[in-house]
Amino acid sequence: MSDSQLWDDVDFYFSAHLAPDDEALHAALRDSEAAELPHVNVTAPQGKLLQLLAEIQGARHILEIGTLGGYSTIWLARALPSDGRLVSLEYSPRHAEVATRNIARAGLDKLVEVRVGPALESLPHLADENPAPFDLVFIDADKANNAGYVEWALKLTRAGSLIIVDNVVRGGRVADADDTSPDIRGTRAALELISSHPRLSGTAIQTVGSKGYDGFALVRVLA
């Protein structure tokens with residue numbers, strides 16, 4: 001059995017026991033595939049981890065950078081109280097349209113707002129609204145701009161907030177000094193910012209699973 005097949009089998013086992021599918025989640029994946037969206041959504045165990053982290057945070061306000069088809073958005077929004085708020089930023093109008101339908105089908109449209117446009121343009125407009133600090137920020141968009149996203153996350157959060165940056169391992173490419181592609185440069189810049197900023201404390205974890213070999217950074221905002 002290949003490593004990738006073993007990782008798939010273990011993810012399937014964990015999903016069946018700890019993050020079982022339901023109609024809203026299944027439909028979000030089905031409709032995303034039918035719309036030919038990229039197959040880069042989080043896995044079910046990863047989605048459940050996001051939900052648990054939001055619940056542990058007692059999150060009332062969540063910011064997501066990168067909506068895709070709304071699959072991760074649904075997991076995160078399910079952690080919110082009835083008066084909570086999730087703002088999700090999506091570059092592609094087509095992706096946002098699919099996500100908005102998926103979120104509404106899940107009964108979460110009163111909690112979730114999807115904003116369309118380049119995130120580095122949407123974030124200043126969001127800041128101008130002087131929103132309540134976000135308790136959790138999930139960054140899963142274009143990797144070249146990861147450092148900029150972390151900087152904005154810091155501006156829009158509070159002491160004790162949590163920032164999660166997805167896909168920081170990139171199949172091990174992050175440690176390859178000869179790889180200077182934009183996604184790797186952006187990921188390294190974000191990790192270097194996290195390591196050097198006096199108001200951030202973080203780590204990065206390698207993962208394997210249905211999405212292959214990757215990982216995420218977990219960052220706490222300090223006082």
Whichever hydrophobic residues join Leu222 through chains of side-chain contacts under 4.5 Å: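 Cluster partners of Leu222: none, it stands alone.
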Leu37: hydrophobic cluster co-members (side-chain, 4.5 Å):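 Result for Leu37 is Val40, Leu68, Val98.
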Side chain to side chain donor-acceptor pair (under 3.5 Å) involving Glu90 - partner list, sequence neighbours excluded: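 So Glu90 forms a side chain to side chain donor-acceptor pair (under 3.5 Å) with His95.
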Set of side chain to side chain donor-acceptor pair (under 3.5 Å) partners for Arg30, sequence neighbours left out: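 Side chain to side chain donor-acceptor pair (under 3.5 Å) list for Arg30, sorted by chain: empty.
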Test side-chain contact (heavy atoms from CB on, under 4.5 Å) applied to Val137 and Val165, Val150, Leu63, the passing residue: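 When side-chain contact (heavy atoms from CB on, under 4.5 Å) is applied between Val137 and each of Val165, Val150, Leu63, only Leu63 qualifies.
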Nearest heavy atoms of Val168 and Ala204, plus distance in Å: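 Smallest interatomic distance, heavy atoms only, reads CG2-CB, 4.3 Å.
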Heavy-atom closest pair, residues Ile205 and Val169: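 Answer, listing the atom of Ile205 first, then Val169: O-CG2, 4.3 Å.
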Heavy atoms of other groups near Glu36 CD, more than 12 under 6.0 Å: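 Not buried by this count: 12 neighbours or fewer within 6.0 Å.
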Flag if over 12 foreign heavy atoms under 6.0 Å of CD, Glu33: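 Atom CD in Glu33 is not packed in, count stays at 12 or less.
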For Asp183, all residues meeting salt bridge (charged side-chain N to carboxylate O under 4.0 Å, His left out), sequence neighbours excluded: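 Asp183: salt bridge (charged side-chain N to carboxylate O under 4.0 Å, His left out) contacts with Arg170, Arg173.
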Ring pair (Phe, Tyr, Trp, His ring centres under 6.0 Å) contacts in which one or both residues fall within residues 14-51, not counting sequence neighbours: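 Of all non-adjacent pairs touching residues 14-51, those that pass ring pair (Phe, Tyr, Trp, His ring centres under 6.0 Å) are Tyr13-His17.
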Check: Ser2/Gln5 side-chain N/O donor and acceptor closer than 3.5 Å: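 Gln5 and Ser2 do not have a side-chain donor-acceptor pair below 3.5 Å.
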Worked verdict on Lys155 versus Glu151 for salt bridge (Lys or Arg N to Asp or Glu O under 4.0 Å): CA-CA 7 Å; Lys155 294 175 184 178; Glu151 289 174 349; 5.9 Å; no
